[in-house]
J.: 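Mind looking over this structure? Questions follow.
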Amino acid sequence: MKQNEMIRLGMIAVLLTQTLIAMAASDMGPPAATLRAAAEARGMHIGSSVDEDALRTDTDYAGVLAREFDSLTPENSMKFAESHPAPFRYTFADGDAVVDFAEKHNMQVHGHVLVWHEQLPKWLTQGHWTHAQLRKILREYIFRIVGHYQGRVNVWDVVSEAVDDNGAMRQTFWSRGLGPDYIALAFQWAHEANPDALLLYNDYGGDGGGAKADAIFKLVQRLHEQGVPINGVGLQMHTSVDDPPDTKAVSANMARLHQLGLQVYITEMDVMIKLPVTRAKLEAQAGIYRNMMSVCLAAENCHNFTSWGFTDRYSWIPQFFPGNGAALIFDEQMQAKPSYRALMDVLSASGASSP
Ligand code: G3I
């Protein structure tokens with residue numbers, strides 16, 4: 001073969017190789033940014049509650065969950081009725097599946113919820129217990145659940161929703177059976193069961209200002225001053241486009257909790273929309289997500305932003321608030337909504353931006 005022919009063939013081979021490399025690079029595109037990568041860069045954990053049935057049955061759901069989030073809150077499987085359905089029976093299968101998934105995908109698990117007035121089993125609520133018997137039941141329950149997840153679940157909603165919407169202490173099965181000390185007892189037992197766990201009081205409707213927020217603040221201030229092992233407060237942040245949270249009030253509430261030395265978690269955020277969904281409502285929803293992420297980023301004591309679900313395909317809202325829905329950051333087809341983009345924009349902006 002003549003030398004010129006060999007040189008020509010060589011040049012063609014080089015050009016072909018360069019073309020193939022360029023094509024491969026363009027297919028890869030820019031590094032796929034995700035919420036969890038953007039959040040990690042800002043020292044923030046971004047979480048979602050997890051629907052245990054969807055995790056088991058919907059591969060799209062599991063894929064997005066692992067890709068976008070680094071913190072999981074079991075939606076139901078670690079609640080009393082699900083974990084302790086009968087006097088001598090505990091069931092951990094669904095909770096274990098959530099923790100297994102989280103560990104496989106390098107995610108933390110937010111234990112939810114040791115003491116709540118809802119989702120209690122009938123054997124408990126219909127029993128006739130003395131104070132001593134009920135105290136024994138709750139103490140054993142807390143030690144059993146926290147102990148089972150020892151080392152795998154290190155953040156717990158210890159008590160949820162002990163304050164009523166008007167700011168009074170809520171009258172519940174637990175307060176009636178054990179008196180107001182049930183709250184301090186629950187935190188004490190959870191701490192004894194896992195001294196390394198971060199223990200939260202979790203509530204809705206007290207995210208910013210107002211009577212309920214003040215009552216929650218007074219409650220946790222009293223617990224803290226009594227030496228009760230409480231580490232933080234969960235602001236559930238169940239909101240709506242029609243009643244957005246007051247950004248300045250939420251920021252001030254976080255600041256006063258910081259002065260107590262308490263962490264703040266956004267634990268259950270969703271922003272419901274009165275149907276039908278419109279572009280304007282989606283943009284308003286995105287603004288609310290944007291503002292709350294900005295407030296959390298700007299607060300010294302807020303490092304976990306968790307929504308109550310992440311896709312409209314699985315949300316508690318339509319069942320509990322008929323005529324409302326579309327509260328989350330992915331739609332029913334698992335496509336990112338303007339709210340997703342808003343969170344990504346805030347997380348990707350340089351430095352903590354005040355809203
Ligand atoms: O597990 C039973 C099943 O055995 C039964 O067949 C089925 C039909 O009745 O019900 C199943 O229990 C349901 C449970 O979710 C598990 O799917 C309950 O009926 C249903 O009421 C329960 O709803 C949960 C709700 O709390 C209960 O108030 C929602 O999924 C859950 O998203 C919601 O989450 C709460 C947080 O835990 C605390 N903060 C408020 C938030 C919204 O209420």
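Remember, it's 1-based here, ligands and their atoms both numbered in the order they're listed. Start at 1 with the first residue, then count along the sequence.
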J.: In the protein, which heavy atom is nearest to atom 21 (O) of ligand 1, and how far is it?
T.: F320 CZ, 3.9 Å
J.: Salt bridge check, K218 against D214: does any charged N sit closer than 4.0 Å to a carboxylate O?
T.: no
J.: Would you please indicate if the ring centroids of F92 and H148 are separated by under 6.0 Å?
T.: yes
J.: For ligand 1, is there an N or O atom under 3.5 Å from any N or O atom of H112?
T.: yes
J.: Which residue owns the protein heavy atom closest to atom 31 (C) of ligand 1, what's the atom, and how far is it?
T.: E75 OE2, 3.5 Å
J.: In the protein, what heavy atom is nearest to atom 35 (C) of ligand 1, and what distance, to one decimal place, separates them?
T.: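 Nearest protein contact, heavy atoms only, for atom 35 (C) of ligand 1 is W116 CH2, 3.9 Å.
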J.: If you scan the protein for heavy atoms around atom 18 (C) of ligand 1, do you find one that is closer than 4.0 Å?
T.: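 When distances to the protein are checked, atom 18 (C) of ligand 1 has no heavy atom within 4.0 Å.
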J.: Can you give me the closest heavy-atom contact between T311 and D331, atom names plus distance?
T.: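 T311 and D331 have their closest heavy atoms at OG1-O, 2.9 Å.
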J.: Nearest heavy-atom pair of V98 and S77: which atoms, and what distance?
T.: CG2-OG, 4.3 Å
J.: Measure the distance from atom 30 (O) of ligand 1 to every protein heavy atom, then report the residue, atom name and distance (to 0.1 Å) of the closest one.
T.: N76 ND2, 3.1 Å
J.: How are the rings of Y141 and F80 set relative to one another: parallel (under 30°), tilted (30 to 60°) or perpendicular (over 60°)?
T.: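 Y141 vs F80 ring planes: parallel.
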J.: Please say whether the positively charged group of R313, taken as NZ for Lys or CZ for Arg, lies over the ring of Y61, i.e. under 6.0 angstrom from the six-membered ring centre and within 45 degrees of the axis.
T.: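 Output no; distance or angle outside limits.
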J.: Who's the nearest protein heavy-atom neighbour of atom 11 (C) of ligand 1, and how far?
T.: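 Result for atom 11 (C) of ligand 1: E82 OE2, 4.8 Å.
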J.: In the protein, what heavy atom is nearest to atom 41 (C) of ligand 1, and what distance, to one decimal place, separates them?
T.: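 Heavy-atom neighbour on the protein nearest atom 41 (C) of ligand 1: E268 OE1, 3.5 Å.
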J.: Just need the protein heavy atom nearest to atom 34 (O) of ligand 1, so name the residue and atom and give the distance.
T.: W308 NE1, 3.2 Å
J.: Return yes when at least one protein heavy atom is under 4.0 Å from atom 23 (O) of ligand 1, and no when none is.
T.: yes
J.: Hey, do the aromatic rings of Y289 and Y340 have their centres closer than 6.0 Å?
T.: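 Between Y289 and Y340, the centre distance exceeds or equals 6.0 Å.
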J.: Count the heavy atoms belonging to other residues, nucleotides or ligands that lie under 6.0 Å from CG of N166, then report whether that count exceeds 12.
T.: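 Result for CG/N166: enclosed.
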J.: Would a 4.0 Å cut-off, counted as strictly less than, catch a protein heavy atom around atom 6 (O) of ligand 1?
T.: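 It does not; no protein heavy atom is within 4.0 Å.
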J.: Do the numbers put K212 on top of the ring of Y204, so that NZ or CZ is under 6.0 Å from the six-membered ring centre and no more than 45° off the axis?
T.: yes
J.: Kindly state if atom 38 (C) of ligand 1 has a protein heavy atom within a strict 4.0 Å cut-off, that is, under 4.0 Å?
T.: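 Under 4.0 Å from atom 38 (C) of ligand 1, at least one protein heavy atom found.
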J.: Is any side-chain heavy atom of R36 closer than 4.5 Å to one of R67?
T.: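 No, their side chains stay 4.5 Å or more apart.
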J.: Atoms of ligand 1 less than 4.0 Å from E161 heavy atoms?
T.: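 Per the distance check, 38 (C), 39 (N), 40 (C).
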J.: Number the atoms of ligand 1 from 1 as they appear, then name those within less than 4.0 Å of a heavy atom of K79, with their elements.
T.: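 Per the distance check, 26 (O), 31 (C), 33 (C), 34 (O), 36 (C), 37 (O).
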J.: Can you confirm, on distance only, whether ligand 1 has an N/O atom lying under 3.5 Å from any N/O atom belonging to Q236?
T.: yes
J.: Does atom 14 (C) of ligand 1 have a protein heavy-atom neighbour under 4.0 Å away?
T.: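 It does: a protein heavy atom is found less than 4.0 Å away from atom 14 (C) of ligand 1.
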J.: Can you tell me the protein heavy atom closest to atom 25 (C) of ligand 1 and the distance?
T.: Q119 OE1, 3.7 Å
J.: Please confirm whether Q319 comes within less than 3.5 Å of ligand 1 when only nitrogen or oxygen atoms on both sides are compared.
T.: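 No; the residue has no nitrogen or oxygen that sits under 3.5 Å from a nitrogen or oxygen of the ligand.
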J.: Apply side-chain contact (heavy atoms from CB on, under 4.5 Å) to residues L297 and V346 and explain how you reach the verdict.
T.: CA-CA 9 Å; L297 284 167; V346 170; 3.4 Å; yes
